[in-house]
Amino acid sequence: VYSVGDIKSEVSIQSISKVFTMALVMDESGVESIENNMGVDATGQVFNSIVAVEQHKGAEMNALVNPGAIAATSMVKGDNYDGIWNKILDKYSDFAGRKLTVLEDVYQSEAATNQRNRAIASLMSAYGHIKTDPMRATDIYTRQCSVGVNAKDLAQMAATLANAGKNPVSGQQVMKADNVPETLAVMATAGLYDDSGKWLYKTGLPAKSGVGGGIIAVAPGKFGIAVISPPLDAAGNSVRAQKAIADISNALGGNP
């Protein structure tokens, strides 16, 4: 583990969480479950677009934009809310190599202002992509976005993806190695919101950003890297994280 700066302060994981819920669903139900339910294509729309849902009736999405992400959360198997939530949090913790917790103030704030996501979930349910209670799925999704992480947590999560699903620090096989390529493919095409194409063009790295200010990136077979720096650009991606990851990856030959 190589680190510079503050690796202890936590931010909310936000949309980076989508990657690991998608991985959980792939492990439980196969990679086809993601492709067949919400799709794996970049939408060409903003991450919380209702137009994108309407355009193809909830298909032709991906699990890294809100409609697909809420649908993916609804696909996690479990008998009740607590069972599903604990499974998700345990999976995140296994990737990070430590027990993660929710930043309750962030969760309470977002739960009080997530009307648009509730509308999106209802629409995805109407088109048959959410087969459980859409409001439960939305609340679990809101909670998962509120999990607290630091830069080291995120880097270890990225490094686990770089290491064929095996956490390189704990030695635990966190996800099926066979499902890692598909996970990285969706990250490559849809990981940085509207600027995913620009990012891939410049770095070649599958990556995922969150509006908490974090970005993870994966150089398969080489390393995972994460940066937290909250100031965002117009697309919702950390300005400094993009610059730092690109520079470090280029210096290390990370572009696959």
Give, for atom [atom1] of [X] and atom [atom2] of [Y], the distance between the pair rounded to the nearest 0.5 Å.
X	Y	atom1	atom2	answer
Asn66	Tyr141	CG	OH	3.5 Å
Leu24	Lys77	CG	NZ	10.0 Å
Leu154	Ile13	CG	CD1	5.5 Å
Met187	Ser196	CE	OG	10.5 Å

Apart from [X] itself, residues in the same hydrophobic cluster as defined by side-chain heavy atoms under 4.5 Å:
X	answer
Leu103	Val106
Ile7	none
Val46	none
Phe223	Leu192, Trp199, Leu205, Ile215, Ile225, Val227, Ile245, Ile248, Leu252

Got [X] and [Y] here, is their nearest side-chain heavy-atom distance under 4.5 Å?
X	Y	answer
Arg98	Leu100	yes
Glu60	Thr43	no
Asp139	Tyr81	yes
Leu161	Val19	yes
Met38	Met22	no

Neighbour count >12 (heavy atoms, 6.0 Å) for atom NZ, Lys166: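 Count not over threshold, so no.
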Asp79 CG: over 12 foreign heavy atoms closer than 6.0 Å: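 12 or below, so no.
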Contacts of Lys131 that satisfy side chain to side chain donor-acceptor pair (under 3.5 Å) - sequence neighbours left out: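 Per chain and number, Lys131 pairs via side chain to side chain donor-acceptor pair (under 3.5 Å) with no residue.
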With sequence neighbours excluded, residues passing side chain to side chain donor-acceptor pair (under 3.5 Å) with Asn179: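 Scan of Asn179 (side chain to side chain donor-acceptor pair (under 3.5 Å), adjacent residues dropped) gives Asp27.
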Salt bridge (charged side-chain N to carboxylate O under 4.0 Å, His left out) against Arg143, all qualifying residues, sequence neighbours excluded: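 Residues passing salt bridge (charged side-chain N to carboxylate O under 4.0 Å, His left out) with Arg143: Glu104.
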By salt bridge (charged side-chain N to carboxylate O under 4.0 Å, His left out) - contacts of Lys99 (at least two apart):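 With sequence neighbours excluded, Lys99 shows a salt bridge (charged side-chain N to carboxylate O under 4.0 Å, His left out) to Asp90, given in chain and number order.
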Can you pull out every salt bridge (Lys or Arg N to Asp or Glu O under 4.0 Å) where at least one residue sits in [range]? Sequence neighbours excluded, please.
range	answer
residues 224-243	Lys243-Asp247
residues 197-210	Asp195-Lys198
residues 32-53	none

Cluster link Val76 to Val102, ILVMFWY, side chain under 4.5 Å: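 Same hydrophobic cluster.
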Short side-chain to backbone donor-acceptor contact, Gln55 and Val51, under 3.5 Å: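 Not at all, since once roles are kept as given, no pair shorter than 3.5 Å links the two residues.
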N/O donor-acceptor pair under 3.5 Å between Lys222 side chain and Gly253 backbone: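 A pair under 3.5 Å: yes.
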Pairs touching residues 7-30 that satisfy ring-ring contact (aromatic ring centres under 6.0 Å, His included), sequence neighbours left out: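 Of all non-adjacent pairs touching residues 7-30, those that pass ring-ring contact (aromatic ring centres under 6.0 Å, His included) are Phe20-Phe95.
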